[in-house]
Amino acid sequence: MTFSVPEKPTLDGIEEKWSKNWEKSGVFTFREDDTTSPIFSIDTPPPTVSGSLHAGHVLSYTHTDIMARFKRMTGHNVFYPMGWDDNGLPTERRVQNYYGIACDPSISYVPTFVPTPPTDANAKPLPISRTNFVNACQKLTQEDEQAFEKLWRTLGLSVDWSKTYTTIGQRAQRVSQLSFIRLFKEGALYHGESPTLWDVDFQSAVSQAELEDKEEDGLFYSINFSLAGTSDQVEIQTTRPELLASCVALVANPKDPRYQSLFGKFAITPLFEVEVPILAHPLAEIDKGSGIAMICTFGDLTDVLWWKELNLALRPTIDRRGRLASIDFSDERFPSKNPNSANAFYSEIEGKTTKTARTTIAKTLEVHGFFHDQPKKVRHSVKYFEKGDKPLEVVTSWQWYIRTLAHKERLLELGKELHWNPPYMKVRYDNWVNGLASDWNISRQRYFGIPIPVWYPIDDEGQIDRLSPILPEEDELPIDPFQDTPSGYDPGQRGEKGGFIGDYDVMDTWATSSLTPQIASGWEENSDLFKRLFPMDLRPQGQDIIRTWLFYTILRSYLSEDRLPWKNTVISGFVLDPDRKKMSKSKGNVVTPMPLIEKHGADALRYWAANGRPGVDTAADENSMKIGRRLAIKVLNASKFALAIAASELDVQGVSEVELSPIDEAVIRDLEGVVANATKSLDSLDHTRGLEATETFFWSFCDNYLELIKIRAYGTSEQGVTFTTSQTLSARITALAVINTSLRLLAPYLPFATEEVWSWFESGSVHSQDWPNDLTIMDTAKAYLGKLTSPEATLKTGEANQIETSAIYQVLSKVRRAKSEAKTSMKSPVSKLKIVGSSSIIRNFELAKNDLMVALVTNQINLVNNEDQADLEVEIELAPR
RNA sequence: GGGCGUUUAGCUCAGUUGGUUAGAGCAGCUGAUUUACACUCAGCAGGUCGGGGGUUCGAGUCCCUUAGCGCCCA
């Protein structure tokens with residue numbers, strides 16, 4: 001048996017060394033032609049490349065990688081691709097800032113334009129064409145993706161890099177557009193002109209999942225409306241008086257006694273003098289203000305609901321820039337009793353932002369005596385786009401929707417079928433599905449995204465006929481309706497009367513990333529592969545995107561395959577900063593992984609991550625990384641030691657049989673228990689317990705077992721004790737078998753250190769070894785015996801001589817305590833050692849007496865049987881110094 | 001407002017179906033030692049399990065209540 005153990009083992013540089021080696025040898029490649037091994041497939045979360053990878057990613061991706069490596073070792077053909085989410089708004093924002101550019105679709109393409117970061121950070125953004133802008137996005141995301149890949153490789157993710165996909169790539173485009181077309185034909189996807197939440201800064205619609213409620217200070221205005229045909233007045237309250245011109249009705253709760261007589265009558269809006277009905281609806285809150293509210297087009301989503309349910313008129317006044325649009329009160333849509341004065345009042349606010357218009361019109365109302373009371377301060381929640389800075393408006397526009405409301409029940413059932421880890425995370429999904437209020441708007445008025453694959457005919461009057469969309473054929477996909485021409489038309493007919501025009505919009509990023517299982521596993525491309533991979537085994541992800549990524553993916557899988565996209569999901573917690581505060585860019589406490597890897601090593605960072613349980617928030621704790629590093633170093637050193645003693649000189653001539661010493665057999669039995677335990681834990685996706693079991697054993701193996709058998713394993717004699725060659729071999733092969741097994745148990749957690757050690761004395765990669773079996777450790781020991789002696793040598797175990805390591809370690813500990821209390825060296829001799837206990841306990845020491853004598857440094861151990869002795873009693877006398 | 005999670009040694013966390021003196025690592029303190037490992041080794045000390053009530057022979061572990069923290073939904 002030959003070893004090549006470095007003189008001074010080190011963790012330095014092993015990330016680069018082994019990640020390159022793995023790439024070359026292809027140990028992590030999915031074997032598509034292997035149709036016999038069971039498959040374990042992972043639906044990788046594609047990280048947003050426009051952001052930066054932080055410790056939170058490391059946590060979740062390491063958990064996934066531990067499972068991937070474990071499954072690979074248990075004989076699975078692991079399908080573990082990586083995806084990059086480069087599509088969408090976050091990328092646009094990063095590109096705008098990075099290159100100092102802004103997309104202006106009215107500008108024409110400049111082929112020679114090369115985006116470069118601006119020299120003057122304060123310079124105004126350079127307007128460029130849509131195509132140039134999209135190219136700039138492509139360029140930067142590719143650079144970002146390389147940096148991300150480097151980090152993942154350094155962290156040791158066992159990804160099959162040949163399967164990498166991106167959410168803007170050709171494959172993703174084809175899948176997204178194909179799904180779009182099919183859903184449209186089935187009626188699961190529709191388009192129409194309807195009220196939509198709109199971000200005035202981003203100039204785009206947003207979906208329910210992207211909303212964020214923010215508590216804000218506002219003013220509650222109290223305004224008098226006069227009642228039609230009387231001199232009476234009714235007081236309504238609102239936070240948005242600037243919407244007065246778009247008021248279409250007043251509403252109160254049907255149970256509110258104050259307004260019973262008013263229902264069915266009409267009120268006149270102040271200033272604009274438009275007659276509006278007074279109606280009843282249960283959503284009107286009795287105890288909110290005066291209990292009667294104005295319904296506008298549209299102040300919020302409740303207005304939208306009232307508009308639909310009460311069948312009201314439309315009087316839109318807010319335009320897409322969030323300003324008061326130009327309207328005319330002589331128009332039938334705004335039927336003022338006094339159009340001239342209405343127009344005059346309105347001209348004060350026309351063109352202004354909602355915020356400015358609010359204060360302006362409030363002043364006018366007050367001046368003209370329409371205030372019932374002075375405005376009161378209130379805290380109210382306002383809806384924002386999660387990435388936006390201004391409150392959302394509701395505007396009416398053409399959008400594409402995927403139906404969600406119609407499938408609520410089935411979606412809840414699918415949530416039940418999914419195996420959630422931890423199980424309580426399912427509640428978040430249920431909450432979300434139950435709270436769905438609108439279908440999913442998937443169109444975004446942006447540039448860098450997958451085009452909506454639709455054209456519209458232009459009629460002979462030059463009007464776009466949105467109701468007759470032209471769809472591409474499936475085999476034409478992917479298409480860009482701005483570049484490509486629908487069949488039956490000429491490119492020259494673009495934008496002409498009787499011609500066609502492409503849909504301007506792109507899809508919401510989630511409309512693509514909700515298809516990652518289909519994109520990765522060959523849907524509609526390789527049906528044989530798809531059948532084998534889908535549904536996938538594991539979806540790991542963060543708790544923050546249950547309502548988006550997880551929900552949408554289930555929805556899409558249900559719509560296209562009528563079943564779940566995966567069998568299991570593991571939801572990771574947040575990573576908190578070292579002070580247990582949530583990390584966020586604005587707080588500036590984001591922990592980035594690369595410096596941590598440089599400081600502690602990848603295995604150390606993985607160790608920290610492995611100690612975070614699914615669903616539990618975990619602090620970025622460098623202390624834990626230090627402990628991980630210690631473990632990795634211990635693995636190097638202990639292995640080096642075991643190999644060194646195994647290789648030290650010993651005359652094995654004529655050895656044909658070795659009997660395993662009782663303590664050696666005991667430590668192997670301990671390890672069998674650990675293997676069973678770790679396997680069970682990992683099988684149930686509990687990586688933390690799996691690590692804990694192995695780590696505890698391994699550390700005790702180093703501190704207790706190796707210390708105990710050191711002398712015997714070297715084959716030297718001390719304290720007048722000599723060991724036979726058989727006994728020495730027994731210790732050597734046990735140490736080797738334990739190291740071998742421990743390396744495999746630790747390989748998913750510490751892939752670099754274990755691989756490094758494996759390379760010293762075994763062939764191949766530790767990551768393609770079989771996961772240890774609790775029944776075959778003895779076989780491993782026997783194999784090492786064959787290597788150290790001759791292949792024919794037999795190994796005998798002592799069934800009748802079974803002992804427990806715990807009893808032995810207990811005496812070890814008691815003697816150490818005595819020496820420590822005497823402040824003397826562990827190598828100082830013990831002059832007298834008496835152990836009293838029941839015969840069954842004493843038997844342990846009889847069978848390990850020689851090892852104990854040399855390890856404790858004593859030439860005599862007095863063992864006394866006493867059946868009345870409940871506990872072990874040890875008398876220790878140290879030799880005088 | 002509804003819901004989920006969490007509260008165990010100075011810190012970070014284990015404590016499986018309720019059962020003997022509540023565990024670990026780190027930090028602290030006391031030592032040892034440099035032929036596997038100073039990114040070492042040994043030992044010591046330190047909690048009555050957020051508060052209150054209850055069920056039980058017995059509760060950190062079940063029930064009720066209350067408070068703090070975090071998050072989800074409205």
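Values below: all heavy atoms of this structure, side chains included; hydrogens, waters and symmetry mates excluded. If you're wondering where the values come from, they're calculated on a predicted model, not measured in any experiment. Numbered from 1 within each chain, the chains take letters A, B, ... in sequence-line order.
Taking atom CD1 on A/I546 and atom P on B/rG5, their separation rounds to 13 Å, with Å as the unit. Distance A/D544 CG to B/rC72 P: 8 Å, rounded to the nearest Å. As rounded to whole Å, 11 Å separates atom P of B/rC73 from atom CD of A/Q543.
In terms of phosphate contacts, A/R547 brings a side-chain nitrogen or oxygen within less than 4.0 Å of OP1 or OP2 of B/rC73. Contact annotation: A/K640 side-chain N/O to B/rU35 OP1/OP2 distance is not under 4.0 Å. Within the 4.0 Å cut-off from OP1 or OP2 of B/rC73, not a single side-chain nitrogen or oxygen of A/Q208 is found. Side-chain nitrogen and oxygen atoms of A/S813 include at least one within less than 4.0 Å of the OP1 or OP2 phosphate oxygen of B/rG43. Close to B/rG3, at under 4.0 Å from its OP1 or OP2, lies no side-chain N or O of A/R428. The phosphate of B/rA32 has neither OP1 nor OP2 within less than 4.0 Å of any side-chain N or O from A/R816. A close approach under 4.0 Å does occur between a side-chain nitrogen or oxygen of A/Y714 and OP1 or OP2 of B/rA36.
Closest to the side chain of A/V427, out of B/rU40, B/rG3, B/rG15, is B/rG3. Checking B/rC73, B/rA42, B/rC41 against the side-chain heavy atoms of A/W699 singles out B/rC41 as nearest. Looking at the side chain of A/D703, the nearest of the listed nucleotides B/rG43, B/rC41, B/rC73 is B/rC41. Of the candidate nucleotides B/rU40, B/rG43, B/rA14, B/rG43 has the atom lying nearest to any side-chain atom of A/R817. You'll find that the side chain of A/N637 is closest to B/rC37, out of B/rC37, B/rA42, B/rC71. In this structure, the nucleotide among B/rC71, B/rU12, B/rU30 sitting nearest to the side chain of A/D621 is B/rU12.
Looking at A/S661 and A/R712, their side chains do bring a donor and an acceptor atom within 3.5 Å of each other. With 3.5 Å as the limit, one finds no donor-acceptor pair spanning the side chains of A/E210 and A/N441. For the 3.5 Å distance criterion, the side chains of A/W760 and A/E756 qualify, holding a donor opposite an acceptor. Between the side chains of A/D670 and A/T805, a donor-acceptor pair is found at a separation under 3.5 Å. Looking only at atom types and distance, the side chain of A/Y607 has a donor-acceptor partner in the side chain of A/E695 under 3.5 Å away.
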Candidate pair A/D603 and A/R630, rule salt bridge (Lys or Arg N to Asp or Glu O under 4.0 Å), full reasoning: CA-CA 10 Å; A/D603 283 345; A/R630 254 166 40 103; over 6 Å; no

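B/rC57 is paired with B/rG19 under the Watson-Crick or G-U wobble criterion, all donor-acceptor distances under 3.5 Å. Nucleotide B/rG25 forms a Watson-Crick or G-U wobble pair with B/rC11, both donor-acceptor distances falling under 3.5 Å. With a 3.5 Å ceiling on both atom-pair distances, the Watson-Crick or G-U wobble partner of B/rC41 is B/rG31. Under the Watson-Crick or G-U wobble criterion, with both distances below 3.5 Å, B/rC4 is paired with B/rG70. With a cut-off of 3.5 Å on both Watson-Crick or G-U wobble distances, the partner of B/rA36 is given as none.
Below the 3.5 angstrom threshold, one finds a donor paired with an acceptor across the side chain of A/E707 and the base of B/rA36.
Rounded to whole Å, the separation between the C1' atoms of B/rC49 and B/rU21 comes to 16 Å. Spacing between B/rU55 and B/rC64 at atom P, rounded to whole Å, works out to 15 Å. Distance check on atom P: B/rU56 versus B/rU16 gives 23 Å, rounded to whole Å. Atom P of B/rG25 sits at a distance of 16 Å from the matching atom of B/rA14, rounded to the whole Å. For the C1' atoms, the distance linking B/rG60 with B/rG47 amounts to 11 Å, nearest Å. Taking the P atom of each, B/rA45 and B/rG5 are spaced 38 Å apart, rounded to whole Å. B/rA27 and B/rC11 have their P atoms separated by 15 Å, given to the nearest Å. Nucleotides B/rA9 and B/rA67 place their P atoms 22 Å apart, quoted to the nearest Å.
Among the heavy atoms of the strands lying under 4.0 Å from A/K8 are primed sugar atoms or P, OP1, OP2 only; no base atom is included. At the heavy-atom level, A/A638 lies under 4.0 Å from base atoms of the strands shown. When heavy atoms are screened at a 4.0 angstrom cut-off, A/R629 is found touching base atoms of the nucleic acid.
Taking a cutoff of 4.0 Å between a charged side-chain nitrogen and a carboxylate oxygen, A/K710 and A/E707 qualify as a salt bridge.
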Under 3.5 Å, which N/O atoms of the protein pair with N/O atoms of nucleotides 25-29 of chain B?
unit_1: B/rC26; atom_1: OP1; unit_2: A/R630; atom_2: NH2; d: 2.9
unit_1: B/rC26; atom_1: O2'; unit_2: A/N623; atom_2: OD1; d: 3.1
unit_1: B/rC26; atom_1: O2'; unit_2: A/N623; atom_2: ND2; d: 2.5

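Annotation for A/K408: atom NZ counts as buried by contact number, over 12 foreign heavy atoms lying within 6.0 Å.
The aromatic rings of A/F701 and A/Y705 sit parallel, their planes meeting at an angle under 30°, below the 60° perpendicular limit.
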Scan the side chains in residues 415-422 of chain A for donor-acceptor partners under 3.5 Å anywhere in the protein, sequence neighbours excluded, and list what turns up.
unit_1: A/H419; atom_1: ND1; unit_2: A/N568; atom_2: OD1; d: 3.0
unit_1: A/W420; atom_1: NE1; unit_2: A/G415; atom_2: O; d: 2.8

